[in-house]
Amino acid sequence: MIETKVDLASLSLFPATRAQVEETWRRTWPQWGGTLSLTEYLAREADMESMDHAKDGKLITWVLAPRGDPTTLDFMCSCEAFKRSGLVAYPSYSTSKPNSVHEVTCYAIASVFTPPSKRGRGYASHMMRLLHWVIASRANLPKFPEAWGAPPEQVADASEGLFSCLYSDVGEDFYRSAGPVGKEGGWEMRGAVSTIWDVGADEGDDDGWTWLTQDQLNGLWDHDAGRINKELASMLTSDTSHEVQRPAAFVTYLPTNGVCGFHIPRSTYASDFSMAGGFWGIQSLNDPDTYASWSVDLRPPPPTLIITRLCASEETFPGLIAKIRQAARRSGIGKVEVWKLGEGLRDIAERMGGRTVTRNEHLPQMVWYGPGATGNIEWAYNEKFCWC
């Protein structure tokens, strides 16, 4: 049943109560639950919010609800915002802070959902426009539109984001048109590119490599964050693989605090799938700065091994990919996929049988709240570990 539209000015954005959080899960289960029963789906969502990437206030579920009844279970729509640590690097010609890298607060947006009975009323668009006002510093935003009523109340530890990102499965335009004051200034697409291999039949020995379990990977992310910081400090602004010419800044999430690690339990929840040997990553013994981690996409079948983080030079990349394809083959997986390889690695990948394609789903989109326009900002390390 389609409901009568409610005046948008009578609505605002509120952090969800516990009952509202659980209601969002019940609403999304029919569309996103896959093979999970409702009981399994609710249990998975509860488990996910207790993990490092979400616990201790890093995850807030937001609901668009009537100003006069903010705790109602009949709210219009909802989304999730994960507070993360990220880096911003300013190149030498920056007018802000030239030749510097800074750790900043940023956000990952997920689970944007409107129930069928409330669709077509502009609720989700309005929610996303209001979301800027609770995750960014208001000093970095324009004047709040009077036609929308009063701005949402600010929530402790839920603002000061310098950028935010999301992954769209409804095309680019919906989120791009959800800006902080209307239809401009929303999330802009960056690099929806995947490279895919069939695993093939080649086998090799494990000399010079060490396979990594999930626990061993958890010990790798601090090292990886340090490497990303160093690479950002010397990143070439003229790299032709950049989406943006002459970037005003480079931004990235960090893989620490469970950001990369949660992909593994989420992708295998309530399934009987297991990686051969229990291995979810690999590292070179000869060059410890060559490594990769992965999760698995079980839907739709057959499963695909998805590389979540990859670090390699042009010299070490072929050997690393060969080992990853071997891990997939040993686990009964037919394909390997990686997101947004740099141009040099992409050329090598294609010589190794990889096919580079532009995705029409999981479109990476970002918005910048710092000085200047989003269109001048390069999203570095736009890999699967960033997804939520």
Side-chain angles (χ1 to χ4, degrees), residues 32 34 108-110 112 165-176 187-202 239-245 252-253 255 260 263-264 266-267 273 275 280-282 292-314 316-329 331-366 375 377-388:
W32 297 341
I109 312 305
V112 177
C165 304
L166 53 80
Y167 291 84
S168 175
D169 288 324
V170 294
E172 176 186 5
D173 292 346
F174 176 79
Y175 293 106
R176 188 183 181 98
W187 289 265
E188 299 181 10
M189 192 166 75
R190 295 287 190 275
V193 177
S194 290
T195 302
I196 303 167
W197 294 264
D198 294 324
V199 298
D202 294 340
D239 191 326
T240 56
S241 66
H242 293 336
E243 296 283 314
V244 176
Q245 292 185 356
T252 184
Y253 293 127
C260 196
H263 289 262
I264 297 169
R266 190 184 190 283
S267 68
F273 176 84
M275 286 296 299
W280 294 95
I282 192 166
S293 63
W294 52 80
S295 63
V296 63
D297 191 350
L298 300 176
R299 296 180 57 243
T304 298
L305 185 151
I306 304 287
I307 298 172
T308 50
R309 175 76 177 108
L310 184 146
C311 186
S313 66
E314 294 186 9
T316 62
F317 177 73
L320 180 62
I321 289 297
K323 299 306 293 183
I324 296 170
R325 293 167 75 181
Q326 180 179 315
R329 185 169 53 252
S331 304
I333 298 173
K335 293 185 183 300
V336 170
E337 179 176 349
V338 64
W339 289 7
K340 197 60 170 66
L341 285 174
E343 191 170 274
L345 297 186
R346 191 182 306 172
D347 291 342
I348 297 171
E350 291 175 355
R351 292 198 295 270
M352 297 175 64
R355 294 175 289 108
T356 298
V357 299
T358 300
R359 297 192 306 275
N360 58 13
E361 61 179 5
H362 313 320
L363 306 181
Q365 296 187 229
M366 65 160 292
I377 307 303
E378 178 71 18
W379 181 352
Y381 306 95
N382 180 2
E383 302 176 43
K384 181 62 187 284
F385 80 87
C386 301
W387 178 91
C388 63

K.L.:
Specify the closest pair of heavy atoms between Q365 and M189, including all atoms of both residues, with the distance to one decimal.
P.N.:
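The pair with the smallest heavy-atom distance is CG-CA, 3.7 Å.
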
K.L.:
I need the minimum non-hydrogen distance between L320 and C311, along with the two atoms involved.
P.N.:
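Nearest pair, atom of L320 first, then C311: CD2-O, 3.9 Å.
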
K.L.:
Please set out all donor-acceptor pairs under 3.5 angstrom arising from side-chain atoms of residues 380-388, sequence neighbours excluded.
P.N.:
unit_1 : atom_1 : unit_2 : atom_2 : d
Y381   : OH     : E231   : OE1    : 2.4
N382   : ND2    : R190   : O      : 3.1
E383   : OE1    : L310   : N      : 2.9
E383   : OE2    : R309   : NH1    : 2.9

K.L.:
List in chain and number order the residues that pass salt bridge (charged side-chain N to carboxylate O under 4.0 Å, His left out) with R346, two or more places apart in sequence or in another chain; answer none if no residue qualifies.
P.N.:
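Not a single residue meets the salt bridge (charged side-chain N to carboxylate O under 4.0 Å, His left out) criterion with R346.
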
K.L.:
When you measure from the side chain of E378 to the backbone N and O of E243, does any donor-acceptor pair fall under 3.5 Å?
P.N.:
yes

K.L.:
When you measure from the side chain of T304 to the backbone N and O of I306, does any donor-acceptor pair fall under 3.5 Å?
P.N.:
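Not confirmed, T304 side chain does not pair with I306 backbone.
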
K.L.:
So, for W280 and S295, which heavy atoms are closest and what is the spacing to 0.1 Å?
P.N.:
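Closest approach of W280 to S295: CZ3-CA, 3.8 Å.
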
K.L.:
How would you list, by chain and number, every residue that makes a side chain to side chain donor-acceptor pair (under 3.5 Å) with D198, sequence neighbours excluded?
P.N.:
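D198 satisfies side chain to side chain donor-acceptor pair (under 3.5 Å) with K335 only.
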
K.L.:
Go through the steps for S168 and F174 under the test side-chain contact (heavy atoms from CB on, under 4.5 Å), then give the verdict.
P.N.:
CA-CA 9 Å; S168 175; F174 176 79; 5.7 Å; no

K.L.:
Mark yes or no for whether S331, through its side chain, and A327, through its backbone, hold a donor-acceptor pair below 3.5 Å.
P.N.:
yes

K.L.:
When you look at M275 and L305, which way does the side-chain contact (heavy atoms from CB on, under 4.5 Å) test go after all the steps?
P.N.:
CA-CA 10 Å; M275 286 296 299; L305 185 151; 3.9 Å; yes

K.L.:
Using the test side chain to side chain donor-acceptor pair (under 3.5 Å), find all partners of E337 that sit at least two apart in sequence or belong to another chain.
P.N.:
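Testing E337 for side chain to side chain donor-acceptor pair (under 3.5 Å), a comparison that skips the adjacent residues, returns S194, W339.
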
K.L.:
Mind checking side chain to side chain contact (heavy atoms under 4.5 Å, CB included) for A349 and listing every partner two or more places apart, or none if nothing turns up?
P.N.:
T195, W197, F317, L341

K.L.:
Can you name the nearest heavy-atom pair linking P303 to I333, along with the distance?
P.N.:
O-CG2, 3.4 Å

K.L.:
What pairs with E350 under salt bridge (charged side-chain N to carboxylate O under 4.0 Å, His left out), at least two apart in sequence or on another chain?
P.N.:
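So E350 forms no salt bridge (charged side-chain N to carboxylate O under 4.0 Å, His left out) with any residue.
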
K.L.:
Given side chains that start at C-beta, do those of V244 and I377 come closer than 4.5 Å, heavy atoms only?
P.N.:
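The answer is no; the side chains never approach within 4.5 Å.
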
K.L.:
Does any non-hydrogen side-chain atom of Y175 lie less than 4.5 Å from one of I109?
P.N.:
no

K.L.:
For L363 versus N360, what's the shortest heavy-atom pair and its separation?
P.N.:
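Minimum heavy-atom separation between L363 and N360: CD2-C, 3.9 Å.
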
K.L.:
Considering non-hydrogen atoms only, spot the tightest contact between I324 and W294 and give its length.
P.N.:
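So the two residues come closest at CG1-CZ3, 3.8 Å.
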
K.L.:
Answer whether the closest heavy-atom distance between the side chains of I321 and V336 falls below 4.5 Å.
P.N.:
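The answer is no; the side chains never approach within 4.5 Å.
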
K.L.:
Should we count CD of E343 as having more than 12 external heavy atoms under 6.0 Å?
P.N.:
yes

